[in-house]
Amino acid sequence: MTNNLRPRHLRLGVNIDHVATIRNARGGDHPDPVRAAEIVAQVGGDGITAHLREDRRHIRDSDIARIQAATSLPLNLEMAATEEMLDIALKHMPHAACIVPERREERTTEGGLDAAGQHNYLAPIVTRLSDAGIRVSLFIEPDPRQIEAAMQLRAPVVELHTGRYAHLWLDGDTAGIEAELKRIADAAALAVKNGIEPHAGHGLTYDNVQPIAAIPQLAELNIGHYLIGEAIFDGLENAVRRMRDLMDAAR
């Protein structure tokens with residue numbers, strides 16, 4: 001019997017932010033994140049993720065339209081819940097908009113969005129994006145309270161933050177890893193039960209991706225920093241292909 005909760009294909013979204021980070025470190029136009037998007041499309045990636053931060057440390061505004069023109073892969077625009085970012089999303093109309101927490105002093109997104117505590121603030125932003133035909137995702141902790149908040153906000157997608165799992169993996173905390181995997185799996189199952197598509201991401205590597213990829217309810221993983229780092233040594237094509245193979249093997 002076919003398990004309807006088990007996606008036939010676990011999608012891989014590749015975050016190309018850190019190609020832009022390298023470019024911006026020196027200025028100019030090289031390396032071009034658009035070229036990275038084209039390579040991802042050529043080697044079997046399922047989507048492009050880009051986080052337009054308020055301080056523009058990664059992707060620039062002009063990159064968004066260029067990425068959309070260069071590849072037919074769906075663009076997942078990660079964005080803070082601000083009027084400025086909402087206006088940009090409505091201008092460019094990405095396939096999806098993932099609302100993430102953002103603090104100017106952080107190096108990277110450090111935790112999930114408090115969708116439960118910020119319901120009244122988030123509700124009009126989610127509504128405006130959804131009404132425009134943009135698929136809204138909320139980057140949240142794998143917590144039932146946050147899943148319930150996503151239901152109340154009518155977000156069709158959640159992305160479960162795997163950062164704690166990644167840190168436990170680095171620490172070699174076997175008991176902690178198992179507990180966190182269960183927390184993520186339970187959150188994914190709860191999301192599906194309530195009509196929400198669960199994704200996951202943050203801190204995933206060749207070494208730790210397979211236990212996450214094996215969670216049957218997950219439909220997509222978004223991976224960026226690690227793949228761009230590996231691309232320095234092995235090329236982006238090989239890095240994406242290897243991650244794709246590991247994800248497929250886990251299913």
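Scope of the values below: all heavy atoms of this structure, side chains included, with no hydrogens, waters or symmetry mates. The structure displayed is predicted, hence computed values, not measured ones. Numbering starts at 1 and runs along the sequence shown.
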Please test Arg23 against Val19 for side chain to side chain contact (heavy atoms under 4.5 Å, CB included), starting from the C-alpha separation and ending with a verdict. CA-CA 6 Å; Arg23 175 194 63 188; Val19 177; 6.0 Å; no
Give the cluster check for [X] versus [Y]: same hydrophobic cluster or not, with ILVMFWY residues linked at side-chain heavy-atom distances below 4.5 Å.
| X | Y | result |
| --- | --- | --- |
| Leu170 | Tyr226 | no |
| Val157 | Val14 | no |
| Met247 | Ile48 | yes |
| Ile39 | Leu73 | yes |
| Val40 | Ile22 | no |

Calculate, to the nearest 0.5 Å, the distance between atoms [atom1] and [atom2] belonging to [X] and [Y] respectively.
| X | Y | atom1 | atom2 | result |
| --- | --- | --- | --- | --- |
| Asp171 | Ile177 | CG | CD1 | 8.5 Å |
| Ile184 | Asp143 | CD1 | CG | 12.0 Å |
| Met79 | Ser137 | CE | OG | 11.5 Å |
| Phe233 | Asn238 | CZ | CG | 14.0 Å |
| Ile134 | Leu77 | CD1 | CG | 8.0 Å |
| Leu138 | Gln118 | CG | CD | 10.5 Å |

Answer yes or no: are there more than 12 heavy-atom neighbours, outside Arg66 itself, under 6.0 Å from its atom CZ?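 Yes.
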[Y] backbone acceptor or donor facing [X] side chain under 3.5 Å:
| X | Y | value |
| --- | --- | --- |
| Asp114 | Gly117 | yes |
| Gln146 | Ala116 | yes |
| Asn208 | Thr205 | yes |
| Gln68 | His92 | yes |
| Asp46 | Leu12 | yes |
| Tyr121 | Ala81 | yes |
| Glu78 | Leu52 | no |
| Arg251 | Ile215 | yes |
| Thr162 | His202 | yes |

Specify the closest pair of heavy atoms between [X] and [Y], including all atoms of both residues, with the distance to one decimal.
| X | Y | result |
| --- | --- | --- |
| Asp207 | Trp169 | O-CZ2, 3.1 Å |
| Ile212 | Tyr165 | CG1-CE2, 3.5 Å |
| Ile196 | Ala150 | CD1-CB, 4.0 Å |
| Ile140 | Ile147 | CD1-CD1, 3.8 Å |
| Ala239 | Ala231 | CB-N, 4.3 Å |
| Ala191 | Pro198 | CB-CB, 4.2 Å |

Ignoring hydrogens and geometry beyond distance, is a side-chain donor-acceptor pair present between [X] and [Y] at under 3.5 Å?
| X | Y | result |
| --- | --- | --- |
| Glu220 | Asn76 | no |
| Thr49 | Asn15 | no |
| His167 | Asp173 | no |

Could you walk me through whether Arg35 and Ile16 satisfy the side chain to side chain contact (heavy atoms under 4.5 Å, CB included) test, starting with their C-alpha distance in whole Å, then the side-chain angles of each, then the deciding distance to 0.1 Å, before giving a yes or no? CA-CA 10 Å; Arg35 184 178 175 191; Ile16 59 172; over 6 Å; no
Give the C-alpha distance, both sets of side-chain angles, the deciding distance and a yes or no for salt bridge (charged side-chain N to carboxylate O under 4.0 Å, His left out) between Arg244 and Asp248. CA-CA 6 Å; Arg244 173 77 272 162; Asp248 290 343; 2.7 Å; yes
Which one of Leu86, Thr82, Leu129 satisfies the side-chain contact (heavy atoms from CB on, under 4.5 Å) criterion with Ile99?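 Going through Leu86, Thr82, Leu129 one by one, the side-chain contact (heavy atoms from CB on, under 4.5 Å) with Ile99 is satisfied by Leu129 alone.
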side-chain contact (heavy atoms from CB on, under 4.5 Å) test vs Glu197 passes for just one of Glu159, Gln217, Arg135, namely Arg135
Got a salt bridge between [X] and [Y], using NZ or NE/NH1/NH2 to carboxylate O under 4.0 Å?
| X | Y | value |
| --- | --- | --- |
| Asp55 | Arg57 | yes |
| Asp186 | Lys193 | no |
| Arg183 | Glu178 | no |
| Arg242 | Asp234 | no |
| Arg56 | Asp63 | no |

Where does the angle between the aromatic ring planes of His51 and His58 fall among parallel (under 30°), tilted (30 to 60°) and perpendicular (over 60°)?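 Judged by the thresholds at 30° and 60°, the geometry between His51 and His58 is tilted.
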Just wondering, do Ile64 and Pro94 contact through their side chains at under 4.5 Å, heavy atoms?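 No, side chains not in contact.
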Any Arg154 side-chain heavy atom under 4.5 Å of Thr127 side chain: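 Answer no - side chains too far apart.
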Go through the steps to decide whether His199 and Leu218 satisfy the test side chain to side chain contact (heavy atoms under 4.5 Å, CB included), and finish with yes or no. CA-CA 5 Å; His199 301 176; Leu218 290 176; 5.8 Å; no
For side chain to side chain contact (heavy atoms under 4.5 Å, CB included), just list the numbers for Val209 and Met243, CA-CA rounded to whole Å, side-chain angles, deciding distance to a tenth of an Å, and then say yes or no. CA-CA 8 Å; Val209 72; Met243 187 64 76; 3.8 Å; yes
